[in-house]
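Below is one structure, written out as structure tokens; comments come after it.
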Amino acid sequence: MSKAFSIRVQQSGAEYPCAEDDTVLRAGLRAGLGLSYECNVGGCGTCKFELIEGEVRNLWEEAPGLNPRDRQRGRLLGCQCVPLSDCVIKPMIMDDRYIPLDRPRRFMGELVQIRDLTHDIREFVFKDTQPAAFRPGQYALLYLPGVAGPRAYSMSNIRNDDGRWEFIIRKVPGGAGTAALFNLKVGDRIEIDGPYGLAYLRTDTKRTVVCIGGGSGLAPMLSIARGLVAEPSMQDVKLKFFYGARGPRDLCGEAELKALPGFGTRIEFIPALSDAEAAAAGEWTGNVGFIHELVKAHIPADQLQECEFYTCGPPVMINAVMQMLSGELKVPAERIHYDSFV
Ligand SMILES: Cc1cc2nc3c(=O)[nH]c(=O)nc-3n(C[C@H](O)[C@H](O)[C@H](O)COP(=O)(O)OP(=O)(O)OC[C@H]3O[C@@H](n4cnc5c(N)ncnc54)[C@H](O)[C@@H]3O)c2cc1C
Ligand code: FES
């Protein structure tokens, strides 16, 4: 059994145990504390803290989540530090909205199914011995053989008693994590840690849900769609599902959405291709352009103000969507839920 140290939060006095192989952030979330975070993989800087007492080991010194000023001030990332002794920490932000609804846990998942969705996107299904407890739209961390640090991947399914954790993952050229992942065989077991993430389906609203996904951002949007259909209190809620891909060979998701009750009536699928040349070469007759532009073209501005938004994908897409929703259309922040794939 691994040794545990005690971490005390300076502002609140809260104390929690942190195993020597766990991070200061994740152990705090496991204990039910509202420590701030987004990506969990060193990219965003939302988990910054100051070490007041004690000693930690930094798993990734060069993590881009810290800027030179942070480093100068001795700030650290909660998602990249494991304790070497009991510690007192001062997180930059603490907020109840970060308190996990389902506490994250670590388990060994067995890969039970692999399915190609496109030339470079695959569905991976892992199985745990315990029920899978997470909200639609959340993500987990996958520890891959021979790869430094875990990788974050969003679940595409919803909570279930069978212990199924399903992911839709795009192979990134030159990427260490996806190279290892795409080499896994059915029957292999890896460590999985989750759930994490705040871009989960809000079930207490009757607003039209708008999902905006691009490329590898399909998984969490599909999970939101599946969650909405399964949620008894949301049976009257409409869903507009926008999905952007480069060319015809990159497009996926329609078959999975078509399998949902209400497809074509309350569920609308609106795909677009961003590569006009590839679209023409593939004799594509649908929408061409960036997916956020299509959202605006498809829904009148006054209606957009009244929708609930979920969006996931590469940072460049998230920035464009946020600029449009927050900057241009002034949609209130509490109605936009997003995960940027850092
Ligand atoms: C919240 C979230 C959800 C995501 N969901 C999906 C999804 O559903 N589908 C999908 O295809 N992609 C998803 N991604 C992107 C995914 O996590 C990877 O970034 C992507 O697959 C590329 O990984 P790679 O290892 O192949 O590339 P690499 O370039 O090797 O690795 C990039 C990632 O690894 C981290 N990293 C790099 N070096 C280190 C190190 N030394 N120590 C620790 N961490 C390191 C970086 O922060 C970055 O996240 C998600 C990302 C985030 C943040
Ligand atoms: S949550 Fe730690 S850097 Fe993003």
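Side chains included, hydrogens not; waters and symmetry mates left out as well; all remaining heavy atoms used. Along the sequence shown, residues carry numbers from 1.
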Nearest 0.5 angstrom please: Arg135 CZ to Thr203 OG1, how far? 7.5 Å
Please list every donor-acceptor pair under 3.5 Å in which a side-chain atom of residues 27-41 meets a protein atom from a residue at least two apart or in another chain.
| unit_1 | atom_1 | unit_2 | atom_2 | d |
| --- | --- | --- | --- | --- |
| Arg30 | NE | Asp22 | OD2 | 2.7 |
| Arg30 | NH1 | Pro104 | O | 3.4 |
| Arg30 | NH1 | Asp193 | OD1 | 2.9 |
| Arg30 | NH2 | Asp22 | OD1 | 3.0 |
| Arg30 | NH2 | Asp22 | OD2 | 3.4 |
| Arg30 | NH2 | Asp193 | OD2 | 2.8 |
| Ser36 | OG | Thr46 | O | 2.7 |
| Ser36 | OG | Ile93 | O | 3.2 |
| Tyr37 | OH | Gly197 | N | 2.7 |
| Asn40 | OD1 | Arg26 | NH1 | 2.7 |

Inter- and intrachain pairs under ring pair (Phe, Tyr, Trp, His ring centres under 6.0 Å), touching residues 273-295, at least two apart: none
Give the other cluster members for Phe341, using side-chain heavy-atom distances under 4.5 Å between Ile, Leu, Val, Met, Phe, Trp and Tyr residues; answer none if it is isolated. none
Could you tell me the separation between the CE atom of Met155 and the CZ atom of Phe134, rounded to the nearest 0.5 Å? 4.5 Å
Apply the test side-chain hydrogen bond (donor to acceptor under 3.5 Å, both in side chains) to residues Arg335 and Gln305: give CA-CA distance (whole Å), side-chain angles for both, the deciding distance (0.1 Å), then the verdict. CA-CA 9 Å; Arg335 270 191 245 145; Gln305 303 269 355; 5.8 Å; no
In short, ring pair (Phe, Tyr, Trp, His ring centres under 6.0 Å) pairs touching residues 309-331 with sequence neighbours left out are Tyr310-His337
Check whether any side-chain heavy atom of Phe263 lies under 4.5 Å from a side-chain heavy atom of Glu256, and answer yes or no. no
My understanding is that only residues two or more places apart in sequence, or in another chain, count here; which of them pass ring-ring contact (aromatic ring centres under 6.0 Å, His included) with Phe242? His298
Kindly indicate, with the supporting measurements, whether the criterion side chain to side chain contact (heavy atoms under 4.5 Å, CB included) is fulfilled by Tyr16 and Val9. CA-CA 9 Å; Tyr16 60 92; Val9 178; 4.1 Å; yes
For Lys185, does its backbone N or O pair with a side-chain atom of Asp188 as donor and acceptor, under 3.5 Å? yes
Which value, rounded to the nearest 0.5 Å, describes the distance between Asn160 atom CG and Glu166 atom CD? 7.5 Å
Are Ile291 and Leu239 in one and the same hydrophobic cluster, where Ile, Leu, Val, Met, Phe, Trp and Tyr link if side-chain heavy atoms are under 4.5 Å apart? no
Would you list the pairs meeting ring pair (Phe, Tyr, Trp, His ring centres under 6.0 Å) in which at least one residue belongs to residues 53-101, sequence neighbours left out? none
Determine, stepwise, if the pair Arg159 / Asp102 fulfils side chain to side chain contact (heavy atoms under 4.5 Å, CB included). CA-CA 11 Å; Arg159 65 193 302 128; Asp102 295 293; 3.2 Å; yes
Between the side chain of Arg151 and the main-chain N/O of Gly149, is any donor-acceptor distance below 3.5 Å? yes
Same cluster or not: Ile114 versus Leu181, using hydrophobic residues (I, L, V, M, F, W, Y) connected whenever any side-chain heavy atoms lie under 4.5 Å apart? yes
Output, in order, the C-alpha distance, side-chain angles, deciding distance and verdict of side chain to side chain contact (heavy atoms under 4.5 Å, CB included) for Ile190 and Leu111. CA-CA 8 Å; Ile190 60 163; Leu111 182 56; over 6 Å; no
What distance separates Leu76 CG from Leu66 CG, expressed to the nearest 0.5 Å? 7.0 Å
Hey, what's the ring geometry for Phe167 with Tyr153, parallel, tilted or perpendicular (30° and 60° as the breaks)? perpendicular
Do other residues, nucleotides or ligands put more than 12 heavy atoms under 6.0 Å from the CG atom of Asp161? no
Please check this pair: side chain of Gln235 against backbone of Val229, looking for a donor-acceptor N/O pair closer than 3.5 Å. yes
Same cluster or not: are Leu201 and Tyr243 linked, directly or through other Ile, Leu, Val, Met, Phe, Trp or Tyr residues, by side-chain heavy atoms under 4.5 angstrom apart? yes
Are any of the side-chain heavy atoms of Leu77 and Lys48 separated by less than 4.5 Å? yes
Checking one residue: Val125. Which other hydrophobic residues are in its cluster under the side-chain 4.5 Å linking rule? Val112
Check this for me: does any side-chain nitrogen of one of Asp21 and Arg106 sit under 4.0 Å from a carboxylate oxygen of the other? yes
Those residues that, when tested against Phe124, pass ring-ring contact (aromatic ring centres under 6.0 Å, His included) (two or more places apart): Phe182
Under the side chain to side chain donor-acceptor pair (under 3.5 Å) definition, can you give me all pairs with a residue in residues 72-97, not counting sequence neighbours? Asp70-Arg75
In this structure, would Leu25 and Leu141 fall into the same cluster of hydrophobic residues linked by side-chain contacts under 4.5 Å? yes
Derivation and outcome, side chain to side chain contact (heavy atoms under 4.5 Å, CB included), residues Leu329 and Met324: CA-CA 6 Å; Leu329 297 165; Met324 177 186 82; 4.0 Å; yes
Let me check something: do Val321 and Leu198 share a hydrophobic cluster, defined by ILVMFWY side-chain heavy atoms less than 4.5 Å apart, either directly or through other members? no
Atom of Met317, atom of Thr311 and distance for their closest heavy-atom approach: CE-OG1, 3.3 Å
Could you give the side-chain donor-acceptor pairs of residues 210-227 under 3.5 Å, partners two or more places apart or in another chain?
| unit_1 | atom_1 | unit_2 | atom_2 | d |
| --- | --- | --- | --- | --- |
| Ser223 | OG | Gly137 | N | 3.1 |
| Ser223 | OG | Asn157 | O | 2.7 |
| Arg226 | NH1 | Ser156 | O | 2.9 |

Is it true that, when you exclude Glu277 itself, more than 12 heavy atoms of the residues, nucleotides or ligands shown sit nearer than 6.0 Å to its CD? no
Is Lys171 salt-bridged to Asp120, going by a charged N under 4.0 Å from an acidic O? no
Test ring-ring contact (aromatic ring centres under 6.0 Å, His included) applied to Phe49 - qualifying residues, sequence neighbours left out: none
Ala280: side-chain contact (heavy atoms from CB on, under 4.5 Å) partners, not counting sequence neighbours: none
Determine whether Arg246 and Ser274 make a side-chain contact, defined as any pair of heavy atoms from C-beta on separated by less than 4.5 Å. yes
Look up atom CZ in Arg122 and atom CD1 in Ile169, then write down how far apart they are to the nearest 0.5 Å. 10.5 Å
With a 3.5 Å distance limit and no angle check, can you tell me whether Arg266 reaches the backbone of Pro261 through a side-chain donor-acceptor pair? no
Salt-bridged, Lys127 to Glu110, with N to O below 4.0 Å? no
Would you mind reporting whether Pro83 and Ile7 have side-chain heavy atoms less than 4.5 Å apart? yes
To the nearest 0.5 Å, atom CD1 of Ile89 lies from atom CD of Gln10 at 10.0 Å
What I'd like to find out is whether the side chain of Lys238 reaches to under 4.5 Å of the side chain of Glu268, using heavy atoms alone. no
